[in-house]
There are 2 protein chains.
Amino acid sequence: MTRSADCRELKAMAGRLGALSHPARIAILQHLAGVEACCCKEVVQQLDLAQSTVSQHLKVLVDAGLVRHTPESRRSRYEVDRKELAALGASLNGLLVTCCTAPEAASAD
Amino acid sequence: MTRSADCRELKAMAGRLGALSHPARIAILQHLAGVEACCCKEVVQQLDLAQSTVSQHLKVLVDAGLVRHTPESRRSRYEVDRKELAALGASLNGLLVTCCTAPEAASAD
DNA sequence: ATCGTATATCGCCGATATACGATGAATGGT
DNA sequence: ACCATTCATCGTATATCGGCGATATACGAT
């Protein structure tokens with residue numbers, strides 16, 4: 001039941017990790033974590049990237065479900081989804097534990 | 001001293017996560033974790049990919065330092081580098097803990 | 001020497017990612 | 001009404017990815 005249905009999970013996990021596999025996005029995430037919430041411009045001032053580029057990166061993070069987006073009146077409100085982030089951490093941790101366990105315990109000898 | 005020198009670390013972390021951000025590579029890692037070590041052909045038979053493609057994915061994993069490669073006489077020996085994998089896990093965990101902590105506790109220290 | 005097997009690499013392509021400037025929409029201030 | 005600010009999106013250019021077949025390399029067996 002595990003091995004076959006894992007395909008979806010693999011893709012999901014890969015997708016989320018993909019969202020984290022860019023230094024700018026990690027930096028954005030770190031900045032968002034440091035402040036309660038902030039707008040796009042604030043992130044632009046932190047990183048040395050064009051506003052459109054930052055907007056794209058934010059979109060990637062939002063699409064991956066790691067950041068929440070609340071379009072407010074004038075400025076957009078971005079904030080880390082700490083719950084989702086923790087879930088990803090747990091998920092990856094599970095994978096790593098599996099992969100760090102010696103095969104003796106897992107294989108049928 | 002942390003915020004400025006983090007750039008390198010960000011890239012390193014992003015690179016490693018990038019190596020994991022593909023379902024085929026996660027699957028390869030899982031398979032490698034299940035057996036003590038194996039050759040390329042064995043991985044090819046597990047996944048439904050061409051041999052050259054698998055070889056590429058293995059190369060990515062090796063370049064990222066997550067898999068060790070020992071070219072033996074005839075078949076190649078691939079095995080998970082469990083230590084490196086654990087280190088990556090710890091590293092990411094640190095990032096996530098930082099990002100999952102409310103800003104009140106992390107702001108002015 | 002030749003053949004078969006296992007592997008790595010090359011060349012190629014379509015697709016995707018990354019970055020930018022420009023543009024337009026929405027809003028707040030004057 | 002007008003302008004400045006903020007933002008998302010579009011269009012474009014470039015780079016990288018992901019996959020495959022074909023080929024080169026290495027080696028054991030015959």
Side-chain angles (χ1 to χ4, degrees), chain A residues 7-8 10-29 31-32 35-80, chain B residues 7 10-32 35-80:
Chain A
C7 182
R8 252 154 302 222
L10 283 192
K11 279 189 199 166
M13 164 105 69
R16 283 160 91 120
L17 292 179
L20 283 183
S21 70
H22 193 288
R25 287 196 288 268
I26 299 182
I28 291 177
L29 215 59
H31 177 73
L32 286 184
V35 298
E36 185 213 349
C38 77
C39 62
C40 178
K41 188 200 173 193
E42 195 180 310
V43 180
V44 171
Q45 287 164 340
Q46 290 289 324
L47 316 187
D48 202 35
L49 289 173
Q51 177 264 327
S52 54
T53 305
V54 171
S55 191
Q56 295 277 21
H57 281 309
L58 282 169
K59 183 173 162 54
V60 172
L61 288 171
V62 169
D63 286 347
L66 304 179
V67 167
R68 266 192 310 267
H69 179 214
T70 314
E72 270 179 18
S73 64
R74 192 167 172 184
R75 50 195 78 217
S76 255
R77 176 189 181 85
Y78 288 97
E79 53 185 328
V80 187
Chain B
C7 182
L10 284 192
K11 280 188 198 164
M13 166 101 71
R16 281 154 97 112
L17 292 180
L20 282 184
S21 71
H22 192 289
R25 287 197 288 268
I26 299 182
I28 290 178
L29 215 60
Q30 284 181 327
H31 177 71
L32 286 184
V35 299
E36 186 211 350
C38 76
C39 61
C40 178
K41 188 198 172 193
E42 194 180 310
V43 181
V44 171
Q45 288 165 338
Q46 290 288 326
L47 315 188
D48 201 34
L49 289 172
Q51 178 266 327
S52 55
T53 304
V54 171
S55 191
Q56 295 276 21
H57 282 308
L58 282 169
K59 183 173 163 55
V60 171
L61 289 171
V62 169
D63 287 346
L66 305 180
V67 166
R68 267 193 309 269
H69 179 210
T70 314
E72 272 180 16
S73 65
R74 194 164 172 188
R75 52 194 74 215
S76 254
R77 176 189 181 86
Y78 288 98
E79 53 184 327
V80 187

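Just so we're on the same page: letters track the sequence lines, and every chain starts at 1. Small disclaimer: the values here were computed from a predicted structure and weren't measured. Side chains included, hydrogens not; waters and symmetry mates left out as well; all remaining heavy atoms used.
Within residues 36-44 of chain A, the residues that place at least one heavy atom under 4.0 Å from DNA chain D are, in residue-number order, A/Cys39, A/Cys40, A/Lys41. Less than 4.0 Å separates DNA chain C from at least one heavy atom of each of the following residues of residues 48-58 of chain A: A/Leu49, A/Ala50, A/Ser52, A/Thr53, A/His57. Contacts of residues 60-75 of chain A with DNA chain C (heavy atom under 4.0 Å): A/Ser73, A/Arg74.
In this structure, B/Arg77 reaches neither bases nor backbone, as no heavy-atom distance under 4.0 Å exists between it and the strands shown.
To the nearest 0.5 angstrom, A/Leu61 atom CG is 9.5 Å from A/Ile26 atom CD1. How far CD1 of B/Ile28 is from CG of B/Leu47: 5.0 Å, rounded to the nearest 0.5 Å. Atom CG of A/Leu29 is separated from atom CG of B/Leu10 by 10.5 Å, given to the nearest 0.5 angstrom.
Annotation: side chain to side chain donor-acceptor pair (under 3.5 Å) contacts involving residues 49-64 of chain B, sequence neighbours excluded, comprise B/Arg25-B/His57. Within the structure, salt bridge (charged side-chain N to carboxylate O under 4.0 Å, His left out) contacts touching residues 38-52 of chain B (residues at least two apart or in different chains) do not occur. Sorted by first and then second residue, the side chain to side chain donor-acceptor pair (under 3.5 Å) pairs with a member in residues 14-23 of chain A read A/Arg16-A/Glu84; sequence neighbours excluded.
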Could you pull out all donor-acceptor pairs under 3.5 Å where a side-chain atom in residues 66-78 of chain B meets a protein atom, sequence neighbours excluded?
| from | atom 1 | to | atom 2 | distance (Å) |
| --- | --- | --- | --- | --- |
| B/Arg68 | NH1 | B/Asp81 | OD1 | 3.4 |
| B/Arg68 | NH1 | B/Asp81 | OD2 | 3.2 |
| B/His69 | NE2 | B/Ser76 | OG | 2.8 |

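Put simply, chain A comes within 4.0 Å of DNA chain C, heavy atom to any atom, from C/dT18 to C/dG28, going 5' to 3'.
Of all the heavy atoms in A/Val44 and A/Leu49, the pair that sits closest is CG1-O, 3.7 Å.
The ring-ring contact (aromatic ring centres under 6.0 Å, His included) search around B/His31 returns none, not counting sequence neighbours.
Within a 6.0 Å radius of CD in A/Gln45, other residues, nucleotides and ligands contribute more than 12 heavy atoms.
Every stem involving DNA chain D, taken as at least 3 paired positions in a row under the Watson-Crick or G-U wobble test at 3.5 Å, is listed here: C:1-30 with D:1-30.
Within the structure, a side-chain polar atom (N or O) of A/Tyr78 is placed less than 4.0 Å from OP1 or OP2 of D/dA8.
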Dump the pairs, protein N or O against N or O of nucleotides 1-3 of chain D, anything under 3.5 Å, distances to one decimal.
none

